[in-house]
Amino acid sequence: MASHIIIGAVFHHDPHRVAHRRAAGFRPNVDFVFGLPGESPDDQEASLRLAADLADPGARIHTHTFMPLPGTPWRDAEPAFIPLATMRELDRLAQRGDAYGHWRKQAEHAARLAETAKAYPRRARRRRTTDR
């Protein structure tokens with residue numbers, strides 16, 4: 001699933017469009033979410049390449065970590081593992097001033113949310129009955 005998201009992002013965000021917007025006086029902000037359920041190491045590498053390609057002409061990368069939030073359809077989804085190499089690359093982008101965000105803190109929250117979802121499974125929905 002994550003690869004479909006990457007393909008869509010590549011279509012809408014490419015370095016030429018970023019350069020064009022920079023020339024017009026704008027600095028595009030592009031959001032990336034890492035750790036999506038089903039995300040593979042190849043998906044993460046593709047996302048990192050796209051982030052770097054967009055940052056080179058001047059885009060600012062806003063980094064996030066997937067969080068299985070209560071009350072959402074993805075509440076019970078297991079976040080994908082984010083390897084050390086991906087973390088290092090995100091840090092490198094931030095050190096260059098090309099990326100910002102609280103992805104590390106979000107990763108901590110995501111782990112706790114996933115543990116809580118396992119400890120407290122969702123109850124089956126109850127049907128409402130009417131006395132008519």
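All values below were derived from every heavy atom in this structure, side-chain atoms included, with hydrogens, water molecules and symmetry-related copies excluded. All values derive from a computational prediction rather than experimental measurement.
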Minimum-distance pair of heavy atoms, taken over all atoms of Gly35 and Phe66: O-CB, 3.4 Å
Set of side-chain contact (heavy atoms from CB on, under 4.5 Å) partners for His109, sequence neighbours left out: Met67, Lys105, Arg112
Arg22: partners by salt bridge (charged side-chain N to carboxylate O under 4.0 Å, His left out), with sequence neighbours left out: none
Listed partners of Glu45 passing side chain to side chain donor-acceptor pair (under 3.5 Å), at least two apart: none
For Phe34, ring pair (Phe, Tyr, Trp, His ring centres under 6.0 Å) partners two or more places apart: none
Arg88: side-chain contact (heavy atoms from CB on, under 4.5 Å) partners, not counting sequence neighbours: Leu84
Spacing of Ile61 atom CD1 and Leu54 atom CG [to the nearest 0.5 Å]: 5.0 Å
pair Val30-Arg60: side-chain heavy atoms closer than 4.5 Å: no
By side chain to side chain donor-acceptor pair (under 3.5 Å) - contacts of Thr63 (at least two apart): none
Distance in Å, Leu36 CG paired with Asp43 CG, rounded so as to fall on 0.5 Å steps: 8.5 Å
Distance, nearest 0.5 Å, that separates CE of Met87 from CD of Gln44: 9.0 Å
Pairs flagged by salt bridge (charged side-chain N to carboxylate O under 4.0 Å, His left out) wherever residues 70-83 is involved - sequence neighbours left out: Asp76-Arg122, Glu78-Lys118
Side chain to side chain donor-acceptor pair (under 3.5 Å) partners of Arg49, counting only residues at least two apart: none
Flag side-chain contact, heavy atom, 4.5 Å: Pro68 against Pro79: yes
salt_bridge(Arg96, Asp91) N-O dist < 4.0 Å: no
Distance flag, aromatic centroids of Trp103 and Phe32, threshold under 6.0 Å: no
Side-chain heavy-atom pair Thr116, Leu113 within 4.5 angstrom cut-off: no
Contacts of Asp31 that satisfy side-chain contact (heavy atoms from CB on, under 4.5 Å) - sequence neighbours left out: His62, His64
With Arg92 via salt bridge (charged side-chain N to carboxylate O under 4.0 Å, His left out) - residues at least two apart: Glu89
All salt bridge (charged side-chain N to carboxylate O under 4.0 Å, His left out) counterparts of Asp53, not counting sequence neighbours: none
Residue pairs, two or more places apart or on separate chains, that pass salt bridge (charged side-chain N to carboxylate O under 4.0 Å, His left out) and touch residues 61-73: none
Over 12 non-hydrogen atoms of neighbours within 6.0 angstrom of CZ in Phe26: no
Single-linkage hydrophobic cluster Tyr100~Leu93, side-chain heavy atoms < 4.5 angstrom: no
Shortest non-hydrogen contact from Val18 toward Pro57: CG1-CG, 3.7 Å
Intermediate values then yes/no, side-chain contact (heavy atoms from CB on, under 4.5 Å), Thr86 and Leu48: CA-CA 8 Å; Thr86 299; Leu48 288 169; 3.9 Å; yes
